[in-house]
Amino acid sequence: MTTHSILSIHKIFLKSTALFIGAISLLPQFAQAEGKLNIYCSVQNTACEKISQAFAKKYHVETQFVRNSTGTTLGKIKAEKDNPQADVWYGGTLEPHLQAADLGLLEKYRSPNQKQILPQFKQLMEQRGEFSSIIYLMELGIGINTQKLEKLNIKKPQCFKDLLKPEFKNEIQYPDPRVSGTGYSFLTTLIALWGEDKAFEYLKALNKNVSQFSKSGLATNTLASGEVAIDISFMHSYIREQEKGAPVTGVLPCEGIGYTLGANSIIKNARNLENAKLFTDWVLTAEAQEIPWREANSYQLPANIHAQHHPKASDPLKLQFIDIDFLHFGSDQESKKLIERWTKMSLSEQ
């Protein structure tokens, strides 16, 4: 073989290699995203499954999740600080995500898709969007088992203060704020309405009618079964029970509508950081945010301005929300103080 032939073959090889490398760079994004992702998930279990499966299929990433309540998940992330077992925290109320950021438990990442979040949360994202992104909205309501109230001949409550009436003795449950983000949101709603001292006076009186503190805001099965007549949680939970045929409805309290925001965050020192970023970008899209209500009977209101919401869900543009200072209530110091006060008050009455 002549020197000229060898040089020609060499040039062809280099051109082929360049074309091959170029072709790889032009492959769809999912082809470059192969690997793993471990999720801590704080929404309904079915929604966790559907979100994980959709991401895995779209990007060819081996995806696993562990489902726990918001407070329990925060506790796990704290305990695993030096050896994180998950890459991303999907769902759960915003305040614990903010607390995790304050404690140095989250990875900095501001997704470019934050620009698709509803404009009323733009300032909040500008202030705290370095670590967490808003992915859904939930309004706080009073859940009612209509059959149970009819059986007890009790008038349907319209306000939080109605729940103090003696006829509701042992007929109420609400989530324990020590382990439930929903329970903490109930605390912050009352404080935003009346101030801290009056809110705790109300809770002290309310606890006389409480039969149990549930471990999760999603524990509405006892309401659906009639074990309790009243539950305090987010309105989407009651739509889900209605869809299953339970005699349950939700009431937006007359004092004003409290709400919370659901968030997504990347865990500090995530082992699969690039996939965690990719997941964060994706869950901010309209496509991802419609999956829970379309496929998993999970009816939170999407935070993406282009996403549709379930036809039975509230229109957030028509709701009169109370003003909640998420930065204040989301601080680790404030959260500890309020939960300790609630715990001391509740345990003293047992």
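For reference, positions follow the sequence shown, starting with 1.
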Side chain proximity check, Asn209 to Ile230, heavy atoms < 4.5 angstrom: no
Backbone N/O of Asn304 and side chain of Gln289: donor-acceptor pair under 3.5 Å: yes
Tyr238 and Asp231: side chain donor to acceptor below 3.5 Å: yes
Distance-only donor-acceptor check, side chains Tyr299 and Gln242, under 3.5 Å: no
Aromatic centroids of Trp342 and Phe186 separated by under 6.0 Å: no
No-hydrogen, no-angle side-chain donor-acceptor test under 3.5 Å, Asn264 and Ser133: no
Interatomic spacing from OG in Ser346 to CZ in Phe200 - rounded to 0.5 Å: 8.5 Å
4.5 Å side-chain heavy-atom contact, His236 and Gln44: yes
Of Phe65, Tyr109, Phe55, Tyr40, the residue whose pairing with Phe279 passes ring-ring contact (aromatic ring centres under 6.0 Å, His included): Phe55
Option from Phe321, Tyr259, Phe121 for which ring-ring contact (aromatic ring centres under 6.0 Å, His included) with Phe326 holds: Tyr259
Heavy atoms from other residues, nucleotides or ligands near CG of Asn83 exceed 12 (cutoff 6.0 Å): yes
Joint hydrophobic cluster, Leu103 plus Ile339, side-chain heavy atoms closer than 4.5 Å: no
Lys337/Glu340 salt bridge by N-O under 4.0 Å criterion: no
Carboxylate-amine/guanidinium contact Glu201 Lys198, below 4.0 Å: no
Nearest-0.5 Å distance, OG1 of residue Thr249 to CD1 of residue Ile142: 11.5 Å
Spacing of CE belonging to Met138 relative to OG belonging to Ser185, to within rounding of 0.5 Å: 6.5 Å
From CZ (Arg110) to CZ (Phe131), nearest 0.5 Å: 10.0 Å
Validation row: Lys36, Asn275 side chains within 4.5 angstrom (heavy atoms): no
Lys/Arg-Asp/Glu bridge criterion (N-O < 4.0 Å) met for Lys277, Asp281: no
Separation between CD of Glu287 and NZ of Lys58, rounded to the nearest 0.5 Å: 4.0 Å
Derivation of the side chain to side chain contact (heavy atoms under 4.5 Å, CB included) call for Leu137 and Phe234: CA-CA 10 Å; Leu137 165 71; Phe234 295 115; over 6 Å; no
Note, Ile267 side chain near Ile77 side chain (heavy atom, < 4.5 Å): yes
Distance (rounded to the nearest 0.5 Å) between Thr280 OG1 and Ile266 CD1: 4.0 Å
Any Asp87 side-chain heavy atom under 4.5 Å of Arg271 side chain: yes
Side-chain touch Met235/Leu252, heavy atoms, less than 4.5 angstrom: yes
More than 12 heavy atoms from other groups under 6.0 Å of CD on Gln123: no
Donor-acceptor side-chain pairing of Ser214 and Gln173 below 3.5 angstrom: no
Modelled atom types, side-chain donor and acceptor of Asn68 and Thr73, under 3.5 Å: no
